[in-house]
A.B. asks: 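Got a structure for you, written out below as structure tokens; questions coming shortly.
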Amino acid sequence: MSSYSPIEILSNKKVLYAEDEEGIRENITEVLEMFFGQVVAVGDGREALDEMTLGNYDVLIFDICMPHLDGLEAIKAIREEDKKIPIIILSAHTEKAYLWRAVELKITKYLTKPYDEEALLGALELVALELVDNHVDVLFSNGCIYHTDEKTVHREGRMQQLSNNESRLLEFLIQREEQAVTFEQIYDYMWEFEQPSKEAIKSIIKELRRKIGTECIKNIYGIGYRIALQ
Amino acid sequence: MHYSNRKRFFSVKSKTIILVLVVYILLSVVFFFIRYLDIKDFARADQQLKLQRVQLVYEETRKRIGKFYVTRGFANINSYGIKQAFETKNAKNLHRFSLPRWQVIVKENPYLESFCFYDEEGRLLTYFGERPPDTLLYADTHAKGYDGFWHDAQSFNYHAVSVAKDAHGQTIGYLVFVINPKFFLSEINKLTNIYAYILYQNKENKRLVWKLKDNPTMDEIIVHNQVQHLQKITIKDTPYISYVIEGRGWGIKDDFSIIFLQDITYWKTLLDKSIIQSLIILLLLIVATSLLINYGFNVILKELDASNKRLRESRNELEHLNENLQVKIKSEIEQKLKKEREANEKERILVHQSKMASMGEMIGNIAHQWRQPLTQLSSILINLKLSYDRDKLSREKFHKKIKESNEQILFMSKTIDDFRNFFASQKHKKRYRISSVLHSVRKLMGASLKNNDIVLTIEIEEDFEIEGFSNEIAQAFLNILNNAKDILIEREIQDANITIKAFTQDNRNTITIEDNAGGIDIDPIEKIFEPYFSTKHAKSGTGIGLYMTKTIIEKNNHGTIEVSNGTEGALFTVTL
């Protein structure tokens with residue numbers, strides 16, 4: 001096994017962090033930036049919801065007590081659209097009522113303030129594992145293995161490093177195993193504002209096929225792609 | 001003292017009884033005497049009446065009979081042949097012509113003894129009935145007809161004389177009716193029911209007695225005794241009283257008496273009876289009075305004894321009470337002191353509980369206040385460590401983070417000071433501005449409210465000065481704010497807010513605290529100030545917060561606190 005921690009899975013992921021206390025927000029953002037590919041920090045629940053409409057976040061980290069719209073209310077709204085996205089709550093509240101509400105919202109981890117490094121990293125690790133459905137290593141139909149933490153592919157004794165875009169797309173496809181992923185879905189997830197051509201996707205797919213094996217990423221004509229796992 | 005004591009009882013009672021009895025007896029004697037006199041008077045009046053009646057009857061009878069027979073005599077004289085017979089002294093004719101008349105008259109009166117004719121010389125011509133005296137001794141002494149008792153040696157009778165005269169007025173003879181004195185007795189008897197006697201005593205002391213009925217004992221008296229008028233005579237135990245009516249004869253001096261005796265047994269028995277009656281009544285009265293007085297005395301004495309006993313009892317009770325009073329007072333005082341101590345102890349416990357509750361709440365507030373800096377500190381530490389681990393910790397970043405940390409530590413230290421100041425007990429009253437209290441309240445509660453998304457607005461219209469214990473007042477407000485906060489959270493109020501206003505109204509320093517939690521649903525609403533009254537769930541409510549608030553404001557700071565429901569929620573109005 002590699003010396004990598006599952007937390008490395010997050011290195012190509014995008015996180016939305018909501019916290020109204022500036023001092024805390026700054027520090028935690030700096031910490032999160034060490035693990036995530038991209039960190040967006042907002043000051044309250046309403047901003048968080050606005051940010052969510054852009055829609056390509058992999059993980060949410062929310063405080064509960066925020067002005068305008070509290071964290072739990074924001075999460076409730078988000079959960080109506082997205083049932084899978086892993087969520088961490090960082091809250092000063094220890095009251096049972098809050099915990100119960102959190103349970104209903106399928107929260108990955110509920111951290112109470114103040115938290116230490118271990119608790120925070122533990123939570124991040126849990127989120128990371130959840131993102132890969134607890135499989136750090138993915139075995140493809142042709143026997144090729146993808147290490148989600150290292151973002152590397154082992155094929156016939158050779159190891160190849162995947163670029164950020166490659167790993168992001170690959171993991172997006174792996175998450176939607178056994179289902180056709182449309183070009184639109186890929187656009188939305190991979191790019192926020194600019195609308196690249198179909199060629200951009202095709203070039204990433206081409207490179208992935210070269211590294212993993214063509215048979216592992218199937219073309220679904222006119223729709224998109226589908227991953228073939230073992 | 002015992003009233004039933006024999007000696008005393010007897011002397012008092014018997015004295016009274018004797019006195020009353022003497023009075024009774026005296027009265028009875030007087031009454032009896034009056035009654036006796038009455039009876040005597042009655043008897044005398046009765047006797048007088050009887051006498052008068054007899055007298056009347058006698059006199060009336062005499063008048064009537066005299067007139068009657070004189071008239072009869074004249075009628076006879078004037079009837080056919082009588083005058084001629086008188087003139088001619090023809091006794092035979094007189095007898096013959098007068099016979100029918102005699103026959104009628106004798107039937108009318110059984111006491112008519114004889115009917116006689118005398119000539120002008122008083123010689124007897126003829127007669128009917130008993131033989132009369134041969135000569136009419138009193139003839140020619142009267143001009144007209146006359147009547148009266150006439151007596152001579154042999155007889156004593158009543159005579160009614162009519163004088164016969166010729167045409168020249170010359171007396172030609174006398175016509176006399178002789179009537180037995182018994183006739184009068186009979187009349188008296190008939191009209192008065194009295195048997196009387198007529199007693200005549202002539203010159204030779206010969207007594208003649210006429211009577212209607214034989215009564216040997218009575219006869220004896222009449223015959224042998226010189227009967228005086230109104231003389232009391234007792235015969236065979238029967239008392240009589242005698243009456244004598246003096247009659248006057250005619251032509252001679254000898255008088256006669258009509259005597260009758262009245263049986264006065266009735267009066268005597270009446271007197272006796274009255275005496276006996278009086279005695280019996282007296283006796284009965286004496287007995288009744290004695291009994292009554294005795295009974296009355298007994299009752300009174302019994303009552304006296306009873307009341308005496310009660311008096312003694314109440315006196316004993318009083319003594320007992322007096323004896324016990326001190327003990328009672330002592331124990332009462334002890335009990336009162338004990339109760340006071342207990343109350344004080346209760347109050348102390350309450351104050352303590354309140355303080356503990358406040359402290360609990362304060363610790364909650366401190367936790368809120370500290371959570372943010374603590375979290376920031378921990379975030380900084382995590383940041384530093386991870387940065388260092390990744391060799392990304394620049395010198396600038398390190399110093400920046402240290403500075404940041406110090407700021408947070410300072411803030412925490414300040415917070416602790418605030419709370420410590422709040423809990424430090426204030427020994428003396430001091431003057432303070434309401435704004436200072438309200439701002440310290442905001443300092444203490446701010447984080448807690450903010451963490452619960454509650455907006456606290458403080459509007460100071462007039463920053464008045466108050467003298468007192470500012471910490472206590474702050475605690476009072478904190479209690480109200482805590483309640484407002486709890487209810488706002490419990491009811492999940494959107495846009496929760498609490499507004500505190502300070503102003504002066506009618507010269508009173510007024511502070512209002514209003515929330516928008518919808519108000520207090522308790523009737524009467526003042527109940528919220530009672531100790532141990534809580535609507536909160538057991539974990540958060542001790543039920544003394546508002547009680548302490550009221551105590552602090554009203555007792556310790558001489559203010560007032562009222563609660564009502566405003567437009568949006570509970571409204572507390574405090575005046576200081």
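So that the names make sense, note that chain A is the first sequence line, chain B the second, and so on, each numbered from 1.
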A.B. asks: Just checking A/Lys14: does its NZ atom have more than 12 heavy atoms from other residues, nucleotides or ligands closer to it than 6.0 angstrom?
C.D. replies: yes
A.B. asks: Take atom CG in B/Asp521; do more than 12 heavy atoms of anything else shown fall under 6.0 Å from it?
C.D. replies: no
A.B. asks: Of all of B/Lys392, B/Gln494, B/Lys397, B/Gln372, which one pairs up most often with chain A through heavy atoms under 4.5 Å apart?
C.D. replies: B/Gln372
A.B. asks: Check whether A/Ile64 gets within reach of chain B through its side chain, its backbone, both or neither, counting any heavy atom under 4.5 Å.
C.D. replies: neither
A.B. asks: Considering all heavy atoms of both residues, which atom of B/Arg371 and which atom of A/Lys113 are nearest to each other, and what is their separation?
C.D. replies: NE-O, 3.4 Å
A.B. asks: To check you understand the geometry: which heavy-atom pair defines the closest contact between A/Ile24 and B/Ser379, and what is its length?
C.D. replies: CG2-OG, 3.7 Å
A.B. asks: Measure B/Asn452 against the heavy atoms of chain A and call it side chain, backbone, both or neither at under 4.5 Å.
C.D. replies: both
A.B. asks: Take atom CZ of B/Arg395 as the centre, draw a 6.0 Å sphere, and report whether it contains more than 12 heavy atoms from other residues, nucleotides or ligands.
C.D. replies: no
A.B. asks: In terms of heavy-atom contacts, does NZ of A/Lys109 have more than 12 from other residues, nucleotides or ligands at under 6.0 Å?
C.D. replies: no
A.B. asks: Hey, does A/Leu121 have a side-chain heavy atom less than 4.5 Å from the side chain of B/Leu386?
C.D. replies: yes
A.B. asks: Could you tell me whether B/Glu407 atom CD has more than 12 heavy atoms of other residues or ligands within 6.0 Å of it?
C.D. replies: yes
A.B. asks: Side-chain contact test, heavy atoms from C-beta onward, threshold under 4.5 Å: evaluate it for B/Lys401 versus A/Asn27 and give yes or no.
C.D. replies: yes
A.B. asks: More than 12 foreign heavy atoms under 6.0 Å from CZ of B/Arg390: is that the case here?
C.D. replies: yes
A.B. asks: Is it true that, when you exclude A/Asp50 itself, more than 12 heavy atoms of the residues, nucleotides or ligands shown sit nearer than 6.0 Å to its CG?
C.D. replies: yes
A.B. asks: With a 4.5 Å cut-off on side-chain heavy atoms, are A/Asp20 and B/Lys450 touching?
C.D. replies: yes
A.B. asks: Could you state the interatomic distance from CD (A/Glu30) to CD1 (B/Ile382), rounded to the nearest 0.5 Å?
C.D. replies: 12.5 Å
A.B. asks: List the atom of B/Asp453, the atom of A/Met66, and the distance in Å for their closest heavy-atom pair.
C.D. replies: OD2-O, 3.5 Å
A.B. asks: Can you say whether B/Leu381 sits under 4.5 Å from chain A via the side chain, the backbone, both, or neither, judging by heavy atoms?
C.D. replies: neither
